[in-house]
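What follows is a single structure, written as structure tokens, with notes after it.
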Protein chains: 2
Amino acid sequence: MEKPLETLIVDSILDAIADQRLQAGTKLGEQALSDIFACNRVHVRRALSMLTAWQVVDHLPNRGAYVATPTPQDARDVFQARRAIETTICRNVVRLASAPDIAALHQHLALEDAARGQDNRPAKIRLSRGFHTLLARIGGNSVLARYLDELTMRSSLIIGLYATGPDTLCAEDEHARIVAAIEARDEARTLALLDEHLRHIEAGIRFDEKPPLLGTLFNVLGPAR
Amino acid sequence: MEKPLETLIVDSILDAIADQRLQAGTKLGEQALSDIFACNRVHVRRALSMLTAWQVVDHLPNRGAYVATPTPQDARDVFQARRAIETTICRNVVRLASAPDIAALHQHLALEDAARGQDNRPAKIRLSRGFHTLLARIGGNSVLARYLDELTMRSSLIIGLYATGPDTLCAEDEHARIVAAIEARDEARTLALLDEHLRHIEAGIRFDEKPPLLGTLFNVLGPAR
DNA sequence: TGATTATGGATTGTTAACAATCAGTGGTAA
DNA sequence: TTACCACTGATTGTTAACAATCCATAATCA
């Protein structure tokens, strides 16, 4: 066994941010987290500093840690970085996706379809993000995969802050079309569809303020995860 | 005043790694660092965890922290990520470099020229890296700039581990030619030169083992920085 | 002699108490 | 009423002592 203590805390908070159950600006008090995870305050501290390194938590000296609130400029930078990184990832995927990889992509598409039928917004958000991280894993570049993990996380915060319409998720069939292009080993088409897809997501956000509207920490992370 | 304590430690170690004064595999003992920086062990701990987040330090539970030793696969991934990220950075630079930015680039080229004359290897390494981080800053995308900081740092480790010839630094005039292309607002040529430049660096490394050959920590970081 | 196992010293990890800082509250004076 | 200031409670930051783990040396046994 390793030491899944701060890892558990980090992953729980990252999941909550990715699912948009934790909103930008929410205070992450040390005592509160210590109580929730039944652990020492020093573990919470370490977890928070890891999250700070991930750029999803802002640490104000003597004032505590808060879920980061990306600025409009941050949003632009994040999406431009995603285009740069996911382009290379998809080039790799087209080049070296194996048959099981393609099967995994189709399986993921099926899950997304199923979630679209139900009215399960957190699941939809998680699967939508999962598609991109799955591509990153198939691409095989661990550096790019790690960066994309971070960027999709920050994208969740950005979308939660600046999304316009009620449904700013990944569009209906765009993922499926990308998979089809990958399966056909058509690099140009894959990259074109990917770029269109990312710009489509980006187009769904508007850069005007929104109220924080935060829920309590305990409700999000507290009982039964 | 902020709290330049762990920041000082982190920056000192990062500088030492970037300059290749700290080699891969060197142990970073907590007590030793506490003595060197005359501070508490907990600050050293925080600094080391930040460096772990930067992927330039490996943390082995109950065994301490060591300067990371990138694998050949890591090396490939790092350089592919650099190509992806610096391509977008340079596109930005060509688009929005101001006159003072161009002047800063020329000034940097002058510094590199001067260092080439002398036999100051650490200065050459630092300036070579500085050229790329300067481009990143001019590019204006803070996300990509931060990633490139990390990647150039890891590149230093990789080059120190796997470099073949005695002079695997950035080639003579490649930086100058890139600046000329930027100044001409010639995006295609800039990107071509950049790609060639990065592949040239990458070509200078061979993926066979090298002896660690580490110097003591105190000699590198100890007296008078 | 060679391998295996105790043991000592050093290093890392954890805990709890203490100090410093900040936000919010209430009071006082203009 | 409003602005300013002191105070209190809570939260974060720091320190030092304690516990657990690991590496290396040395002793034991085949």
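Note on naming: letters A, B, ... go to the chains in the order of the sequence lines (proteins, then strands), and numbering restarts at 1 for each one.
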Item checked: Test of ring centre spacing under 6.0 Å for A/His132 and A/His197 -> yes
Checklist line | Residues which pass side-chain hydrogen bond (donor to acceptor under 3.5 Å, both in side chains) with B/Thr52, listed by chain and number, not counting sequence neighbours | finding: none
Note to self: For D/dT14 and B/Asn40 - does any side-chain N or O of the residue sit under 4.0 Å from the phosphate oxygens OP1/OP2?
What the structure shows: no
Next item on the list: Output yes when at least one side-chain N/O atom of A/Arg45 is less than 4.0 Å from OP1 or OP2 of D/dG13, else no.
Entry: yes
Item checked: With B/Gln107 via side-chain contact (heavy atoms from CB on, under 4.5 Å) - residues at least two apart -> none
Can you identify which nucleotide, out of [options], has its nearest atom closest to the [X] side chain?
{"X": "A/His59", "options": "C/dT14, D/dT15, D/dG13", "result": "D/dG13"}
{"X": "A/Arg46", "options": "D/dT14, C/dT15, C/dT14", "result": "C/dT14"}
{"X": "B/Glu30", "options": "C/dT12, D/dT12, D/dT15", "result": "C/dT12"}
{"X": "A/Asn62", "options": "C/dT15, C/dT21, D/dA16", "result": "C/dT21"}

Checklist line | Geometric cation-pi criterion, A/Arg146 with A/Trp54: 6.0 Å, 45° | finding: yes
Checklist line | N-O pairing of A/Arg45 and A/Glu6 below 4.0 Å | finding: no
Check: What would the secondary structure line of DNA chain C be in dot-bracket form, counting Watson-Crick and G-U wobble pairs under 3.5 Å, with [ ] for pairs that cross earlier ones and | for pairs with another strand?
Finding: ||||||||||||||||||||||||||||||
To the nearest Å, how far apart are [X] [atom1] and [N] [atom2]?
{"X": "A/Leu48", "N": "D/dT11", "atom1": "CG", "atom2": "P", "result": "15 Å"}
{"X": "A/Asp35", "N": "D/dT12", "atom1": "CG", "atom2": "P", "result": "11 Å"}
{"X": "B/Leu5", "N": "D/dG13", "atom1": "CG", "atom2": "C1'", "result": "12 Å"}
{"X": "B/Arg41", "N": "D/dT15", "atom1": "CZ", "atom2": "C1'", "result": "12 Å"}
{"X": "A/Gln31", "N": "C/dA17", "atom1": "CD", "atom2": "P", "result": "13 Å"}
{"X": "B/Lys27", "N": "D/dA24", "atom1": "NZ", "atom2": "P", "result": "10 Å"}
{"X": "B/Glu6", "N": "D/dT12", "atom1": "CD", "atom2": "P", "result": "17 Å"}

Notebook entry, point to check: Considering heavy-atom distances to DNA chain C, does B/Gly64 or A/Arg63 have its closest nucleotide positioned more toward the 5' end?
Noted result: B/Gly64
Next item on the list: Would you please test A/Gln55 and A/Asp74 for side chain to side chain donor-acceptor pair (under 3.5 Å) and show each step?
Entry: CA-CA 11 Å; A/Gln55 307 260 71; A/Asp74 288 334; over 6 Å; no
Item checked: Option from B/Ile85, B/Asp149, B/Thr87 for which side chain to side chain contact (heavy atoms under 4.5 Å, CB included) with B/Leu144 holds -> B/Ile85
